[in-house]
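This one's a predicted model, so the numbers in the text were calculated from it and none came from an experiment.
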Amino acid sequence: MGILKVDKWNHTCKLETSAKPHRNIGWVSSNWSGYSITGKKGTFKRVSAKWNVPFLRPSQGASYSSAWIGIDGYGNNSLIQTGTGHDFIDGKAYYYAWWEILPASVTLIPLPVQPGDRMHATIIKRSGSIWLICLRNSTRNWTFRTSQRYTGPQTSAEWIVEAPQVNGELAQMARISPVIFSCCRANGRSPRLISVDGGIMIQDLKITSIPSNPNRAGDRFVVKSDHS
C-alpha cells in the first residue's frame, strides 16, 4: 500500500444551513454524514460503536473518507475522535487507523487495517481532563489505547462517515462500500437515535453520502455513499 502522507485535516462539521433536509433527516453538511446527538455542556463523557472498514473503489483524482466516533465537533470547534481512513491517492488505496484531538493534527495508529475489518472504538472521560481513546481491530486482533488531555465542552456525540477537509480544502468523497455502525453507545447506553438525529453529506449540489434510518433500538444504522 505504500506510506500515507498525512496532510493537515479538519474534521469539524460544516453545516449547510441553507440546504433543505432530505426526508426525515435532521441536518445537512458538506463533510459529515451519519448521526449526532446534542446536549448541554458536560453531557457526554463516553461514546462507543462498532463498524466495518469499507472497501474503496477507484476514483478520478484523490478522494478521501473516514469512519469514526467522537465527542464535540457539531456546532463547535472542539473534537476528540478515533476511527479509520480509506483514501484513494495516485492510483493506490490506503486503509489506516487514527485518532485526533483538535486543534492538533491527526495521529496515525501504526497497526494494520484492511477492508472488511471489524472495528470497535471507545472514548471515555477518566478524571479531570484526562480521556482514554481505545480502538480495537477484532479481525486483526490488536487494540490501541492512549490517554490524552481534552477540555472540550462535551455537548455532542457522533457516529460519522466523512470527507475530511485536507489542507483547508474540502476533499472529494471516496467511493466506498456501505459502512454499518452497530452497538452505538453514548454514556454507556443506547443513544436511541431517531431519524432527525441523522445528517446527509451534499457536495456540488449532490447527495454523496446518506445514513439509513436507525433500527428500532436506536443503536444501529448504515451509511451509503452515492456509489454504494
Side-chain angles (χ1 to χ4, degrees), residues 1-14 16 19 22 25 28-35 49-70 81-100 105-121 135 137-140 142 144 158-182 198-212 221-228:
M1 293 197 314
I3 299 174
L4 178 70
K5 179 181 180 294
V6 178
D7 297 289
K8 177 63 178 177
W9 291 358
N10 187 315
H11 290 274
T12 54
C13 185
K14 301 302 177 184
E16 299 290 336
H22 180 74
I25 297 296
V28 176
S29 170
S30 60
N31 63 326
W32 282 19
S33 57
Y35 280 80
K50 298 179 180 179
W51 71 88
N52 61 296
V53 177
F55 289 78
L56 270 169
R57 296 181 177 92
S59 60
Q60 291 186 345
S63 60
Y64 300 79
S65 65
S66 296
W68 54 267
I69 63 165
Q81 56 183 164
T82 187
T84 54
H86 346 95
D87 305 336
F88 193 83
I89 305 169
D90 295 331
K92 293 182 180 179
Y94 295 89
Y95 299 90
Y96 53 96
W98 56 272
W99 64 271
E100 186 176 34
S105 298
V106 67
T107 299
L108 294 184
I109 297 172
L111 294 166
V113 174
Q114 293 293 327
D117 286 359
R118 291 293 299 158
M119 309 301 298
H120 185 190
L135 184 64
N137 186 324
S138 302
T139 305
R140 307 286 158 190
W142 58 254
F144 170 84
E158 300 91 26
W159 304 263
I160 297 294
V161 169
E162 178 183 18
Q165 295 176 82
V166 180
N167 291 330
E169 298 291 333
L170 181 62
Q172 178 185 339
M173 178 64 185
R175 303 175 67 220
I176 58 173
S177 60
V179 179
I180 303 170
F181 284 90
S182 62
I200 64 175
M201 186 193 308
I202 292 182
Q203 294 184 340
D204 298 323
L205 302 178
K206 178 182 175 183
I207 296 174
T208 53
S209 186
I210 185 168
S212 69
F221 61 93
V222 181
V223 179
K224 293 184 178 182
S225 75
D226 65 332
H227 302 288
S228 296

What distance do [X] atom [atom1] and [Y] atom [atom2] have between them, rounded to the nearest 0.5 Å?
| X | Y | atom1 | atom2 | result |
| --- | --- | --- | --- | --- |
| Tyr64 | Asn31 | OH | CG | 15.0 Å |
| Leu111 | Trp142 | CG | CH2 | 5.0 Å |
| Lys224 | Ile180 | NZ | CD1 | 9.5 Å |
| Ile210 | Ser225 | CD1 | OG | 11.5 Å |
| His86 | Tyr94 | NE2 | OH | 15.5 Å |
| Ser33 | Ile202 | OG | CD1 | 11.0 Å |

Given side chains that start at C-beta, do those of [X] and [Y] come closer than 4.5 Å, heavy atoms only?
| X | Y | result |
| --- | --- | --- |
| Thr84 | Tyr95 | no |
| Met119 | Leu135 | yes |
| Asn52 | Arg118 | yes |
| Met201 | Ser29 | no |
| Asn137 | Pro112 | no |
| Leu170 | Gln203 | yes |
| Trp51 | Ile69 | yes |

Could you check whether any side-chain N or O of [X] sits under 3.5 Å from a backbone N or O of [Y], counting only pairs where one atom can act as donor and the other as acceptor?
| X | Y | answer |
| --- | --- | --- |
| Ser177 | Phe55 | yes |
| Tyr35 | Pro211 | no |
| Asp87 | Ala93 | no |
| Gln172 | Ser63 | no |

For [X] versus [Y], what's the shortest heavy-atom pair and its separation?
| X | Y | answer |
| --- | --- | --- |
| Thr139 | Gly116 | OG1-O, 4.3 Å |
| Ile176 | Ser65 | CG2-OG, 3.5 Å |
| Pro115 | Pro54 | CB-O, 3.5 Å |
| Gly34 | Phe221 | CA-CE1, 4.1 Å |

Criterion side-chain contact (heavy atoms from CB on, under 4.5 Å) on Met173 and Val161, from CA distance to verdict: CA-CA 10 Å; Met173 178 64 185; Val161 169; 3.6 Å; yes
Trp98 and Trp68 aromatic ring geometry - parallel, tilted or perpendicular at 30°/60° bounds: perpendicular
